[in-house]
Amino acid sequence: MGSRALHAISVVLSLTCFTTWAGAQSFRVQCPTSTITHPSSLTNVNAEPAYTAATAFTTNASGYLAPSAHVNGAIKCQQISGGDGYSTMANGTQTFMFSFGPLSGIADIAAGLPGTEFPNVFNTVYGGTLVPGDPATTDAIDTTVTSYPFKSNTTPGAANSAPFSFNGAIGLAPDADCVSGNNFANANGGPLPCPNLPANGLDGHVDPRQIMDVGVMNGNIPAPLMAIDEDDEFFLTLTNVGMIMRPDLFEQHTVHFHGYPNASSFYDGVPDASVAINIGGSFTYYYIAPDAGTYFWHCHITPPEHLQMGMVGQIYVRPRQNRTPAGTGLYASLSVQQNDLRTACRRTGDGITPAVTTDPDILCTNPLPAATNTVSQANDAIGTSTNNPDFGLPLKYAYNDGDGSTAYNVEYPIQIHGFDPNFHFVGMTFNPEAFADMKDKFFLLNGRSYPDTVTPGPLTTVSSDGRSHFSQPLPSIISIPAGGRALLRISDLSVTEYATLASLGIPMHVIGYNAKLLRDQSGNNTDYFTNSITLGGGESLDVILDASNTGVYHAGQIFYLFTPQLDHLSNDQENFGGLMTEIHIN
């Protein structure tokens, strides 16, 4: 086990874990406001600081390295459920799933955004009364909004009505036993039973009723979206709420972040080498954000079954280059990063002091460009705040490129997947599943087939509890501001098929493969342009659709992103939908 993995474990073990029991349930969440790696005394853990220098470390009183200055990154948290649910295919077929659902960041997820939150958002208590199905319905979300992101301040049919906006952890509540025990001890001068209890009483204690009300039958396809920044600490709590439609199954669930470099095996989600979460239990995974890029995640319990049934999601890591101060040269910024031993990527003659005498190996992830350049960080001036959520903010990049070659204006996660309706039907009943005969008939982009792919906002399905749930929260329609670029974070977790996507009219600029910038170790870009890409299960690509030529692309144009595999342009029947969506220039 590497030093990074040991450090990861030491951080979590140094934190106080709290557990609450309610019958057979042992639920809790964890989102610290200060850690060894991100001490609140040195940094604001609720914001991403500008990257100006590598984090400085010194040996502390315990004998290990701890930050002393230039603390980079922040703390991010998310809570998800593992269970089951239903989704609706574009031909109206209701499909049963084993699936993950959101237990935090729900308002953001309903808006097509990641559900990953800072501690000051995650550690808030919902002030209302949650009932079964809430807030997993779209009653308070305006799905008619077509701009990106899919948010508004009103609800259809209810003027001046505020939408559901809670992004904290569902079920989080003050620990009443600890609060009363501390009050009693203070009043009687005795020792505190909970000496580390914060003033607000929040120590990870949760109300299991709220978690079950929201989590049961609330599966999503794809699973809740996650996004973190390089240098972040990420705390992800998985709560297994059970599969109500299959009470005969005692299925465990895990989270496996596919392709993560140097991940601690303890948190890798492979049950043989780590742990699996039983029904009625919770477990908090811990990661330090790896190199920038597009990754994905899935359950690693009987993967052919759980992946086919829908337990797949996407996570991406934003690069430090996004946090480069305006006016700072990108080459200089990437040079500064070479002083960070975790991600250093040096080569002879790179002009950085101290000089090195050996070139990097093939695992180096962010080599400097072959030649110096004068490209500097600037604010995004494409479009407006209506069609570009980052308008006026520092320009965004897919990788630490040092030359601006991966710049984009809007980004869209695209999860490719497929469903075998017979396998899913058998999965809902009590018959043995025919793994050898598995054959996808529904082909999905973010859990939807065309024309549902171009429906804005979340799609809902009425489940067996009689309530509407977010079954497919992530839209697939792509909107590019005129003169701008769209980054497509494409991943494929299909169990049975390769998938091809083609773009006619807007070339596909492929810049990354499997979360690695396409650049050789001498600094030469190996990116390329094409009109189609092909992925197998377990692969990801970063593709930029470049509509920056305003002489060619203008508002009102519509292009298509689709598969040339004709049998994948179906939804269990000929000529119905499948892997196709629209690209709008607006």
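For clarity, every value in this text was computed on a predicted model and none was experimentally measured. The first residue in the sequence is number 1, and the count goes up from there.
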Solution key, residues 66-77 side-chain donor-acceptor pairs under 3.5 Å, sequence neighbours excluded:
| residue | atom | partner | partner atom | Å |
| --- | --- | --- | --- | --- |
| S68 | OG | A56 | O | 3.3 |
| N72 | ND2 | A53 | O | 2.9 |
| N72 | ND2 | T55 | OG1 | 3.2 |
| N72 | ND2 | H70 | O | 3.2 |
| K76 | NZ | E48 | OE2 | 3.0 |
| K76 | NZ | D229 | OD1 | 3.0 |
| K76 | NZ | D232 | OD2 | 2.8 |

Under 3.5 Å, which donor-acceptor pairs do the side chains of residues 390-399 form with other protein atoms, sequence neighbours left out?
| residue | atom | partner | partner atom | Å |
| --- | --- | --- | --- | --- |
| K396 | NZ | P394 | O | 3.2 |
| Y397 | OH | Q377 | OE1 | 3.2 |
| Y399 | OH | K516 | N | 3.4 |
| Y399 | OH | D542 | OD2 | 2.4 |

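Looking only at side-chain heavy atoms (C-beta outward), P102 and I80 stay at 4.5 Å or farther from each other. L172 has its side chain within reach of V29: a pair of non-hydrogen atoms, C-beta onward, lies under 4.5 Å apart. Considering only heavy atoms from C-beta on, Y295 comes within 4.5 Å of V317 through its side chain. Between H306 and Q308, every side-chain heavy-atom pair lies at or beyond the 4.5 Å cut-off. Under the 4.5 Å side-chain criterion, counting only non-hydrogen atoms from C-beta, I228 is in contact with T116. Contact check for M245 versus Y86: side-chain heavy atoms found under the 4.5 Å cut-off. Put simply, the side chain of N240 does not reach to within 4.5 Å of the side chain of F250, judged on heavy atoms. Within the 4.5 Å cutoff, the side chain of F122 has no heavy atoms near those of the Q30 side chain.
With hydrogens and angles ignored, the 3.5 Å screen pairs no side-chain donor or acceptor of D175 with any backbone N or O of H205.
Of all the heavy atoms in A185 and P191, the pair that sits closest is CB-O, 3.4 Å.
Ring geometry, H298 versus H258: the interplanar angle falls from 30° to 60°, so the pair is classed tilted. Relative ring orientation between F257 and F234 is described as parallel, the plane-to-plane angle staying below 30° on a 0-90° scale split at 30° and 60°. Ring pair W297/F100 is tilted by interplanar angle, where 30° to 60° counts as tilted. Relative ring orientation between F283 and Y285 is described as perpendicular, the plane-to-plane angle rising above 60° on a 0-90° scale split at 30° and 60°.
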Side chain to side chain contact (heavy atoms under 4.5 Å, CB included) assessment of Q472 paired with N220: CA-CA 6 Å; Q472 297 123 296; N220 287 179; over 6 Å; no

Step-by-step side chain to side chain donor-acceptor pair (under 3.5 Å) determination, R28 to T284: CA-CA 9 Å; R28 59 104 177 93; T284 298; 2.7 Å; yes

message: Between S540 and T294, does the side chain to side chain donor-acceptor pair (under 3.5 Å) criterion hold? Intermediate values first, please.
response: CA-CA 7 Å; S540 69; T294 298; 5.6 Å; no

task: Go through the steps to decide whether T343 and R320 satisfy the test side chain to side chain donor-acceptor pair (under 3.5 Å), and finish with yes or no.
output: CA-CA 11 Å; T343 54; R320 293 167 175 158; 2.8 Å; yes

- request: May I have the step-by-step check of side chain to side chain contact (heavy atoms under 4.5 Å, CB included) for D207 and Y126, ending in yes or no?
  value: CA-CA 11 Å; D207 178 355; Y126 184 57; over 6 Å; no

Worked verdict on C31 versus N123 for side chain to side chain contact (heavy atoms under 4.5 Å, CB included): CA-CA 7 Å; C31 185; N123 292 323; 3.6 Å; yes

task: Verify side chain to side chain donor-acceptor pair (under 3.5 Å) between E233 and T35, making sure each step is shown before the conclusion.
output: CA-CA 9 Å; E233 286 184 89; T35 66; 2.4 Å; yes

- prompt: Taking it one step at a time, do L65 and T59 satisfy side chain to side chain contact (heavy atoms under 4.5 Å, CB included)?
  reply: CA-CA 4 Å; L65 293 176; T59 303; 3.7 Å; yes

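Under the 6.0 Å cut-off for aromatic ring centres, F96 and H424 do not qualify, their centroids lying 6.0 Å or more apart.
A cation-pi geometry, defined here as NZ or CZ lying under 6.0 Å from the six-membered ring centre and within 45° of its normal, holds between R489 and Y316.
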